[in-house]
Amino acid sequence: MARRSRPRTVQVPSGATTVRIPTQRGAKNAPPVFVVVSETRPSLSSRIARAVGGWAWSHRASWAPTGYAVLAYGLVAVVHLLAPWMVFVLALATPVPLLGLWRTRSKYPERIGERPARLATATVLAAVAVGWAAATVHYGPLIGPLAWAWVGLTVAVQSFWLVIRRTK
């Protein structure tokens, strides 16, 4: 703190941190409040954590599919433990995205838009994700092939997301 910004009545050696705390209102004879401020520089690990956290926060929209994939993995693990009967609901819901695409193409071809390959890719990825969820609810989230399938599906969806965001 610069010398000119301190009150002239207080003599504090240079380099020392001073904090002026105003008197508290309403409470007579209240004990003083002390605020401790560290003078040390942050460690390298805290600097790295802050930099990575700031980068992740500023690019959070780009990494949304990965966040949803981590959330889905946790939810499927909880459903595996608490409601294993959900495998039947998820198994029946697996072809729903494909049936929706088929119905849209046959009844409403004008709604497909300019890029039908994007819609088809998104539909296939959604159907595979629901199928993965059904298998994971049935067998458990820690089965090796299902965990690797989750990693592969997450990478595929994240890549698809980044590509369609750049080509809009």
Side-chain angles (χ1 to χ4, degrees), residues 17 19 21 24 33-168:
T17 301
V19 177
I21 301 172
Q24 294 182 356
V33 177
F34 293 98
V35 178
V36 179
V37 179
S38 174
E39 281 284 324
T40 61
R41 294 175 57 185
S43 65
L44 181 62
S45 60
S46 67
R47 286 185 197 177
I48 292 172
R50 179 172 283 172
V52 169
W55 177 85
W57 181 255
S58 63
H59 292 87
R60 64 189 181 273
S62 298
W63 292 96
T66 301
Y68 286 127
V70 171
L71 179 68
Y73 194 83
L75 287 175
V76 168
V78 170
V79 169
H80 169 71
L81 293 174
L82 298 179
W85 54 267
M86 282 294 289
V87 67
F88 301 114
V89 175
L90 289 170
L92 290 174
T94 300
V96 169
L98 298 172
L99 292 173
L101 178 65
W102 173 75
R103 182 173 184 269
T104 303
R105 282 190 177 207
S106 62
K107 286 200 168 198
Y108 310 103
E110 68 278 357
R111 290 190 184 176
I112 296 297
E114 297 175 6
R115 297 184 173 103
R118 277 189 187 177
L119 185 60
T121 304
T123 303
V124 169
L125 286 173
V128 170
V130 175
W132 168 84
T136 305
V137 166
H138 183 65
Y139 294 110
L142 299 179
I143 302 298
L146 289 177
W148 283 110
W150 175 78
V151 169
L153 186 60
T154 302
V155 168
V157 170
Q158 181 65 49
S159 301
F160 179 69
W161 177 259
L162 292 175
V163 167
I164 64 167
R165 282 179 55 99
R166 289 188 185 254
T167 58
K168 281 189 175 182

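The side-chain hydrogen bond (donor to acceptor under 3.5 Å, both in side chains) pairs that include a residue from residues 58-75 are W55-H59, T66-Q158, where partners are two or more places apart or lie in different chains.
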Next item on the list: Start with the C-alpha distance between W150 and V70, add both sets of side-chain angles, then the distance that settles side chain to side chain contact (heavy atoms under 4.5 Å, CB included), and finish with yes or no.
Entry: CA-CA 9 Å; W150 175 78; V70 171; 4.2 Å; yes
Next item on the list: Starting from the C-alpha separation in whole Å, work towards a yes-or-no answer on side chain to side chain contact (heavy atoms under 4.5 Å, CB included) for V96 and V130.
Entry: CA-CA 9 Å; V96 169; V130 175; over 6 Å; no
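Between S159 atom OG and I164 atom CD1 the span is 11.5 Å, to the nearest 0.5 Å. To the nearest 0.5 Å, atom CH2 of residue W148 and atom CD1 of residue I143 are 15.0 Å apart. One finds the OH atom of Y139 at 8.5 Å from the CG atom of L146 (value rounded to the nearest 0.5 Å). Distance OG1/T136 to CG/L90: 9.5 Å, rounded to 0.5 Å. In this structure, T123 OG1 and L119 CG are separated by 4.5 Å, a value rounded to the nearest 0.5 Å. Of the inter-residue distances, the one linking F160 atom CZ with L162 atom CG reads 11.0 Å to the nearest 0.5 angstrom.
When the side chain to side chain donor-acceptor pair (under 3.5 Å) test is applied to S106, no partner is found at least two apart in sequence or on another chain. Applying the side chain to side chain donor-acceptor pair (under 3.5 Å) rule to W57 yields no partners; only residues at least two apart in sequence or on another chain are considered.
Taking every heavy atom of both residues into account, A61 and W161 meet most closely at O-NE1, 3.1 Å. L98 and A127 get closest at one heavy-atom pair: CG-CB, 3.9 Å. The shortest heavy-atom contact between P65 and V157 is CB-CG1, 3.8 Å. Pairing each heavy atom of T154 with each of A69, the nearest pair is OG1-CB, 3.4 Å. Annotation for S46 and P42: closest pair OG-CB, 3.3 Å, computed over non-hydrogen atoms. Of all heavy-atom pairs between P141 and A147, the closest is O-CB, 4.2 Å.
The environment of CZ in R47 is crowded: more than 12 heavy-atom neighbours from other residues, nucleotides or ligands sit within 6.0 Å.
In this structure the side chain of H138 never reaches within 4.5 angstrom of the side chain of H80, judged on heavy atoms.
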